[in-house]
Amino acid sequence: MKPFPPYRIQVVKEIPITTRQQREEALARAAYNPFNLPASMVTIDLLTDSGTGAVSAAQEAAAAQADRSYAGSDSYYRFREAVDDLTSYPYSFPVHQGRAAERVLFSSVLKPGQISLSNTHFDTTRANVELLGAEARDLPCAEFGDLDSREPFKGDIDLDALERTLRGPDGERVGQVLVTITNNGGGGQPVSMANLRAVRSLCDRYGVPFFLDAARFAENSWLVVQREPGYGHLTPREVARQAFALADGCVASLKKDGIAPMGALIGVRDPELAKRCEVNLIATEGFRTYGGMAAHDLERVAQGLDEVLDPNYLRSREADAAHFAELVTQAGVDIVQPAGMHALYLNAGRLLPHIPPHGFPGHALASELYLAGGVRAAELGSLYLGEFDSDHNLLTPAPFELVRLAIPRRTYTQAHLEYVADVLADIAKDPSRVASYRIVDAPPLLRHFNLKLKQIPAGS
Ligand SMILES: *Cc1c(COP(=O)(O)O)cnc(C)c1O
């Protein structure tokens, strides 16, 4: 039996239908940066799965009962109950979103000159490490380097590299190990429980704190149940509990697997660290029982954390991503294998060999998806990860030129995803028509959000 979503749609939102002419004008006005497009000009928005999931009737019912007391609100206790059921961290705090959790936790852990080691730091995560004067160093496993390999846990951290670093001359400077589940910056690939256990024992041996960046903890748990020997008989909730239990704490954006419009979580075990986080939280986010979240979002999160672990929901979400992946690969567009759950990562470098890295193949494909079909996607290639000189010349390209098609939770039907696959199939029929791009303006930090570009038509 094919999996199907364990819900029906009760409230819908109309989506904009536009002409190619209108989209060409809109993208030019946006300086060829999809982040500058008004949503009213986007038909299918796959820019992110963050805060874009559909909320349930139960979440809205809980939100309607929210208690907005400044201190000790009922909504806070419901939030704590949902979080404690999963994490067992004695101290946990709500924060308004994941990057605030990063800032509050990391500034309580890391000192300037220290190193944060990760399978892959997400972009805001890296920025929050670097803003503290610390170094963010990624140690993805070797299998991740082969985009076509179907190894089941390509999100794992490279344990040999981790141990070498901890034992070597830089070992003294390592302030934390942070494992991102699933590895969003690394193709959305899951991390195995075996890998988390090995990280735990290395961190014990070298006396370094181990945290999870757990934005997609439920999807990681589901993929562990499906793929890792010895876990098939467990529920995703049981696996999630084991994963949280292995770490000393976590940051988690709840805009992903909290299925909430806004919210995040910091969890820690160490009472001294909790005190430092709390002072920072109160000074910059809010009192410890709301931490920058509105009471109705505390309620949506508490309910969302329960709904997201429903095996029927996770099975259906995995099947949606797998179906989408199959259509896209059949259309002749390679993706980072194997398909995960929250996004497909298209191999734009391979599809558009006529565009060199300094013409930004990932950005070119993302832009063409918009021009051809009103589909918005995010580049994850040299535009985002390359190194540039002050005149915006590309010095070092990214290792891969990818486009991320994020799949918002419960938001689009299979028919929408099939439409996106059709748009891609049209592009893949004659990729040589796709235009390349040149940077005209770029800020030094978090470049991709504020870039301005110029289009260079194919063949010119
Ligand atoms: C989204 C995300 C963040 C940041 O969370 P926000 O809620 O967007 O601030 C951090 N880490 C990972 C892995 C993410 O996916």
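Since the structure is predicted, the reported quantities are computational estimates derived from the model, not experimental observations. One-based numbering, in listed order, for ligands and for the atoms of each.
- Partners of Gln189 according to the side chain to side chain donor-acceptor pair (under 3.5 Å) rule, which considers only residues two or more places apart in sequence or in another chain, do not exist here.
- Between the side chains of Gln303 and Ser56, not a single donor N or O lies within less than 3.5 Å of an accepting N or O.
- Residue Ser253 has at least one nitrogen or oxygen atom sitting less than 3.5 Å from a nitrogen or oxygen atom of ligand 1, judged on distance alone.
- Atoms of ligand 1 lying under 4.0 Å from any heavy atom of Thr125, numbered from 1 in the order shown and given with element: 10 (C), 11 (N).
- Nearest to atom 10 (C) of ligand 1 among the protein's heavy atoms is Glu102 OE2, 3.0 Å.
- Remark: ligand 1 atoms within the under-4.0 Å shell around heavy atoms of Thr124 are 4 (C).
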Verdict with reasoning, Ser107 to Asn280, per side-chain hydrogen bond (donor to acceptor under 3.5 Å, both in side chains): CA-CA 9 Å; Ser107 64; Asn280 192 321; 2.9 Å; yes
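- Within a 6.0 Å radius of CD in Gln65, no more than 12 heavy atoms belonging to other residues, nucleotides or ligands are found.
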* Working for salt bridge (charged side-chain N to carboxylate O under 4.0 Å, His left out), residues Asp297 and Arg300 -> CA-CA 5 Å; Asp297 282 330; Arg300 290 190 182 101; 2.9 Å; yes
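- Below 3.5 Å of separation, one finds an N or O of Gly98 facing an N or O of ligand 1.
- Of the protein's non-hydrogen atoms, Arg99 NH2, 2.9 Å is the one closest to atom 8 (O) of ligand 1.
- At a 4.0 Å heavy-atom cut-off, ligand 1 touches Lys255 through the side chain alone.
- Looking at Lys256, His96, Met262, Arg103 and measuring to atom 1 (C) of ligand 1, the nearest heavy atom belongs to Lys256.
- The shortest N or O to N or O distance between Asp213 and ligand 1 is below 3.5 Å.
- Among residues two or more places apart in sequence or in another chain, the side chain to side chain donor-acceptor pair (under 3.5 Å) test is passed with Asn36 by none.
- Less than 4.0 angstrom separates some heavy atom of Thr180 from each of these atoms of ligand 1: 13 (C).
- Using a 4.0 Å cut-off between a side-chain N of Lys or Arg and a carboxylate O of Asp or Glu, Glu307 and Arg409 do not qualify as a salt bridge.
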